Number of protein chains: 2
Amino acid sequence: MVNSIHATLDRTFSALADPTRRALLARLGEQDGLSVSELARPISMSLPAVMKHLDVLSDAGLITRTKTGRTVSCRLRAAPMEEAMRWLAHYQKFWSGSLDRLATLLEK
Amino acid sequence: MVNSIHATLDRTFSALADPTRRALLARLGEQDGLSVSELARPISMSLPAVMKHLDVLSDAGLITRTKTGRTVSCRLRAAPMEEAMRWLAHYQKFWSGSLDRLATLLEK
DNA sequence: TATAGAGTTAACCATAAAGTTAACGGTATT
DNA sequence: AATACCGTTAACTTTATGGTTAACTCTATA
C-alpha cells in the first residue's frame, strides 16, 4: 500500500499548515471554480509562488484543476479533510463539552 | 494580537503533519503522563530527534512537560486541536452525509 | 564517591519548503 | 501578424525541517 493513511494525513495536515493555502481553500469554499489568476489577485505574492501553493493543494487532493482554453479553473475537493477530521475526532473527548460529545456519538 | 488564529492553526496543523508526532500524541491519548524515554523507546530514532518532536508539540501547545526528579512526564493538551477541528468543520458540507451535518448543527 | 540513568544542548548535515525573477508556450484579440 | 493575456517552467536564494553524533548536566543509587 503505497499511499498509506499516514502519508495521506501527512500531506493533508501539511497542506493546511500554511495560511495562504487555507485562504485559497476558503475562497474556493465561497466561490468554486475560480481561475488561477483570480485566486492569485488578492494575494500579495508572485504568481509562481501562488502556483506552488496550488501544486501543494493539488498533490494533497484538496483541489482539482481543469484547463479550458487558456484559463485553468480550480475546484475544491474537501474529501481528504474528512480523514483529518476523523483523526482529530479521536481526541475530542480530551477537550470537548457535552454537546460536542453528543455530536461525536451521532457520527458513529 | 501577536498570536493570531492563523499562527495558531499554522503551528497546530504543522505539528500534526508528521507521523512520529501523531504517534506520540496517540500514545499519550492511550496513556497520559509518559516520560520522555518511555515515549522514545518504541520509536526507532535517536533520543534528541524525539526531543525535537516533543519541542514542536510543546510549542504548538499540544503537550506539557513537567519535571520531577530526573524524569519528565508529558501530558496531552488537546485544546489546540479544537480550533483545527472547527476550521475543518466549515468544509464538512462539501463532503459529508446527513448524519455528519446533523452533528455539525448540534455543535452550534 | 563513583557510576549509571534521564534529559538536554550543541554542532553539524541533507533535504525540503517558500519565495523571488526571468524566460517561455499556448490562446485570444485586434 | 502582432500583441496581450493566462499560466507554467527554470534557476536561484534563503530559511526551516528532520535527522545524526558527541558532549554535557543533573539526579539517583551502589
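Because the structure is a prediction, the values reported are computed rather than measured. Below, chains carry the letters A, B, ... as their sequence lines are ordered, and counting in each starts from 1.
Mapping D18(A) and P48(B) onto DNA chain C by nearest heavy atom places P48(B) closer to the 5' end of the strand. Where V50(A) and K52(B) meet DNA chain C, the nucleotide closest to each residue was compared, and K52(B) sits on the side nearer the 5' end.
Taking atom CG on D59(B) and atom P on dA16(D), their separation rounds to 13 Å, with Å as the unit. Nucleotide dG19(D) holds its P atom 12 Å from the CG atom of L54(B), rounded to whole Å. Atom CD in E38(B) sits roughly 9 Å away from atom P in dA6(C) (whole-Å rounding). Rounded to whole Å, atom P of dT27(D) lies 7 Å from atom NZ of K67(B). Here the P atom of nucleotide dT8(D) and the CG atom of L39(A) are 11 Å apart, to the nearest Å. Taking atom CG of residue D10(A) and atom P of nucleotide dA16(C), one finds them 14 Å apart after rounding to whole Å. Taking atom CG of D55(A) as the reference point, atom C1' of dT9(D) lies 11 Å away to the nearest angstrom. As rounded to whole Å, 8 Å separates atom C1' of dT9(D) from atom CE of M51(A).
Within 4.0 Å (heavy atoms only), R41(B) reaches no atom of the nucleic acid at all. If you check every strand for non-hydrogen atoms under 4.0 Å, S35(B) touches sugar and phosphate atoms only.
Listed pair R21(B) / dG18(D) meets the phosphate criterion, a side-chain N or O lying under 4.0 Å from OP1 or OP2. Listed pair S37(B) / dG7(C) meets the phosphate criterion, a side-chain N or O lying under 4.0 Å from OP1 or OP2. Regarding contacts with the backbone of dG19(C), a side-chain N or O of H53(A) is found under 4.0 angstrom from either OP1 or OP2. Between S46(A) and the phosphate of dT20(C), there is a side-chain N or O to OP1/OP2 separation shorter than 4.0 Å.
In the set dT8(D), dT8(C), dG19(D), the nucleotide with an atom closest to the side chain of A49(B) is dG19(D). For R65(A), whose side chain is taken as the heavy atoms from C-beta onward, the closest listed nucleotide among dT8(C), dT8(D), dC6(D) is dT8(D).
Using a 4.5 Å heavy-atom threshold, the side chains of L88(B) and L88(A) count as touching. The side-chain heavy atoms of R75(A) and I63(A), taken from C-beta on, include no pair separated by under 4.5 Å.
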Cut-off 3.5 Å, no hydrogens considered: what does the side-chain donor-acceptor table look like for residues 10-18 of chain B, sequence neighbours left out?
from: D10(B); atom 1: OD1; to: R22(A); atom 2: NH1; distance (Å): 2.9
from: D10(B); atom 1: OD1; to: R22(A); atom 2: NH2; distance (Å): 2.8
from: T12(B); atom 1: OG1; to: T8(B); atom 2: O; distance (Å): 2.8
from: D18(B); atom 1: OD1; to: T20(B); atom 2: N; distance (Å): 2.8
from: D18(B); atom 1: OD1; to: R21(B); atom 2: N; distance (Å): 3.2

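One hydrophobic cluster holds both F94(A) and L34(B) under the rule that ILVMFWY side chains link at heavy-atom gaps under 4.5 Å.
Between R65(A) and D55(A) a salt bridge is recorded (basic side-chain N to carboxylate O distance below 4.0 Å).
Residue side chain R70(B) does not reach the base of dC26(D) through any donor-acceptor N/O pair under 3.5 Å, judged by distance alone.
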